[in-house]
Number of protein chains: 2
Amino acid sequence: MLPFLSRADETMNANGDGMAQARETGTLGKLMVLLDLVTHADAPLRFTDILSLAGQPRGTLHRQLSHLVEEGLLEFDGDGRYAPGLRLLDFAARSWARNEFRLIAEPHLVDLQQATGETVHLGVLRGQSIIYLDKVEGRQPVRMYSQIGNASPCYCTGVGKAALSLLPAESLVDLLAGVNFTRFTAATHASPASLLAEIREIADQGYAFDREEHEAGIRCVAAPIWSDDRTFLGGVSITGPAYRLSMELLAQWVVPVQRAAGRIMEGMRIRLGPRR
Amino acid sequence: MLPFLSRADETMNANGDGMAQARETGTLGKLMVLLDLVTHADAPLRFTDILSLAGQPRGTLHRQLSHLVEEGLLEFDGDGRYAPGLRLLDFAARSWARNEFRLIAEPHLVDLQQATGETVHLGVLRGQSIIYLDKVEGRQPVRMYSQIGNASPCYCTGVGKAALSLLPAESLVDLLAGVNFTRFTAATHASPASLLAEIREIADQGYAFDREEHEAGIRCVAAPIWSDDRTFLGGVSITGPAYRLSMELLAQWVVPVQRAAGRIMEGMRIRLGPRR
DNA sequence: AGGTATTGTTCCATTATTTGGAACTGAATT
DNA sequence: AATTCAGTTCCAAATAATGGAACAATACCT
């Protein structure tokens, strides 16, 4: 069913990554670490906060931050606090608007939403996270940024586990080695071992459930999506509240979700040409 | 009415900018130019395309692109084409979700939307562009990224002209010197001169119209917003189709828009403390 | 107030990274 | 098989980043 699982894969990027590992991108890498620090903080940071977090000499840090501010990647308010810069929004808006995968997938997401009445997500695996590329919601107007673009853990989301099921065994182990398993709910996998067992099952079946593993009261079904050149691995999912989505109902949606995933992959092949 | 117009302003960032001007941010600046190039392109670019656009030696460009790809700011597909990276989405999602200004403004935007039934925008001036920070739409679920985060010209949007009316005369002239006036419609200002005249008027009145200057058939009313420390200048607007929004109707909405702007500014002062 | 600790900024010789020309590989085209 | 074009690698020279220390400004305490 998922032939890629067995085949050794040379296009997968080589480094196991580990995330905290020193990057090999020189100046840029150092600056990105800072940008990460500031964007991941709960509130704007003062110079000293960053100083202690980044462990850089004062002079160095000061210049680095100045450069980031000058480029609009950070903003520096009158109180001497650093916040993420608005230029990032412009970059992201363009990145999103033109994303081929998303454009191809969109109609199929809408179909799936209408067939089920529940919220549909599209996500891809990047590093150890799932980045949500799109979301089609049923009822109320959507505050989209709150979800789209957000990076979620791969080990406790439907899309995440579906994506992981596409990885060759070795890459999977490497990737999980770098993950630290935060326990969001009682159902969250707490170790690679139990996760690996489920992933194998998912690989056989071709679909994944999230049984309230990320957020209590929220369930989903997801089906994997991959590109021929394996540039990305990801998935589509249907998500909703547990009181409305019984496991039986979710089981009925396996086929529609898989069909949507299949159509999206077909769309990619047509759009991108056969040779990839 | 808008006292800031007359007062000399030392907090305004000093360089007239001019945009094409060589940046002073060393390595980062050069990389950002590349990132701009790729994200602003209509389609993914091949190495050679970028080579001709960037005017860098091949070896140099190749390494720079590799670094950007390694950091997830660009993606490199199997066909050797460079596209904006998805990591930008994650940065932006965080940047947006935590943005204080937006959080403070949001309820007032919703109020305004409900009072008028039309689409409400919140935008800030960054460089020569208006970046839309939020949008509250009436009817259909919103494809938000298509608007939020987008950078629009300041000289032909309601929010843009409202923001410009807050600038001291000198800064305004400097800023406009770097703008090239694209004529989007018959009503678009074609030169700084005619724009300046309108801006003066807007500064006196405290509100701005967009009379189908950016997009044919689309009108808006906007009111200016500023922070005490002038870290940002921006505005709120009500936008809609010309057939529904007569100039008379827009005139009736001047007061509600101004009131919303006033409440947002008040919210900022309370939240941020009096001393800024 | 006066003194002290804390925070933020600037400077510059040393160190590390980036640069860019040229040489190399591989694929597509004639 | 020969030729062009696209992409990648290499390394001495040029450039930018580093980090310690001195300086400035502000908050904190007594």
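All values derive from a computational prediction rather than experimental measurement. Residue numbering restarts at 1 for every chain, and letters A, B, ... go by the order of the sequence lines.
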Enquirer: Please report the distance, rounded to the nearest Å, between CG in L28(B) and P in dT19(C).
Expert: 12 Å

Enquirer: Quick one: does T157(B)'s side chain have a donor or acceptor within less than 3.5 Å of a partner on G160(B)'s backbone?
Expert: yes

Enquirer: In chain order, what residues pass the ring pair (Phe, Tyr, Trp, His ring centres under 6.0 Å) check against H108(A), with sequence neighbours excluded?
Expert: none

Enquirer: Measure from NZ on K30(B) to P on dA14(D) and round the result to the nearest Å.
Expert: 15 Å

Enquirer: Using side chain to side chain contact (heavy atoms under 4.5 Å, CB included) as the criterion, list what pairs up with A163(A), not counting sequence neighbours.
Expert: L125(A), I130(A), L233(A)

Enquirer: Rounded to whole angstroms, how far apart are CZ on R63(A) and C1' on dA16(D)?
Expert: 8 Å

Enquirer: How many Å lie between CG on L31(A) and P on dT18(D), as a whole number?
Expert: 7 Å

Enquirer: Mind calculating the distance between CG (L65(B)) and P (dG7(D)) to the nearest angstrom?
Expert: 11 Å

Enquirer: Quick check on dT18(C): is either OP1 or OP2 less than 4.0 Å from any side-chain nitrogen or oxygen of T27(A)?
Expert: yes

Enquirer: Describe, as an angle rounded to 10 degrees, how the axis at the first end of the helix from dA1(C)-dT30(D) to dT30(C)-dA1(D) is tilted relative to the axis at the last end, five pairs per end.
Expert: 40°

Enquirer: Using whole Å, what does the distance between atom P of nucleotide dG20(C) and atom CD of Q64(B) come to?
Expert: 8 Å

Enquirer: Check whether any side-chain heavy atom of F101(B) sits under 4.5 Å from a side-chain heavy atom of L122(B), and report yes or no.
Expert: yes

Enquirer: Could you check which of dG19(D), dT18(C), dG20(C) has an atom nearest any side-chain atom of T60(A)?
Expert: dG19(D)

Enquirer: Considering residues at least two apart in sequence or located in another chain, which fulfil the side chain to side chain contact (heavy atoms under 4.5 Å, CB included) criterion with A223(A)?
Expert: V257(A), Q258(A), A261(A)

Enquirer: Could you check how far CD of E70(B) sits from P of dT18(C), rounded to whole Å?
Expert: 11 Å

Enquirer: With sequence neighbours excluded, give me every side chain to side chain donor-acceptor pair (under 3.5 Å) pair touching residues 51-61 of chain A.
Expert: Q56(A)-Q64(A)

Enquirer: Is the backbone N or O of H62(A) less than 3.5 Å from a side-chain atom of S66(A), with the two atoms forming a donor-acceptor pair by type?
Expert: yes

Enquirer: How would nucleotides 4-9 of chain C be written as a contact map, 5' to 3', with B for base contact, S for sugar-phosphate-only contact and - for no contact, using protein heavy atoms under 4.0 Å?
Expert: ---BBB

Enquirer: For Y132(A), what residues pass the ring pair (Phe, Tyr, Trp, His ring centres under 6.0 Å) criterion, not counting sequence neighbours?
Expert: H121(A)

Enquirer: Give a yes/no on whether any side-chain N or O of Q56(A) is located under 4.0 angstrom from OP1 or OP2 of dG19(D).
Expert: yes

Enquirer: Under the rule for side chain to side chain contact (heavy atoms under 4.5 Å, CB included), what residues qualify as partners of P153(B), not counting sequence neighbours?
Expert: Y155(B), C156(B), F184(B), H214(B)

Enquirer: When the distance from CG of L61(A) to C1' of dA21(D) is rounded to whole Å, what number comes out?
Expert: 17 Å

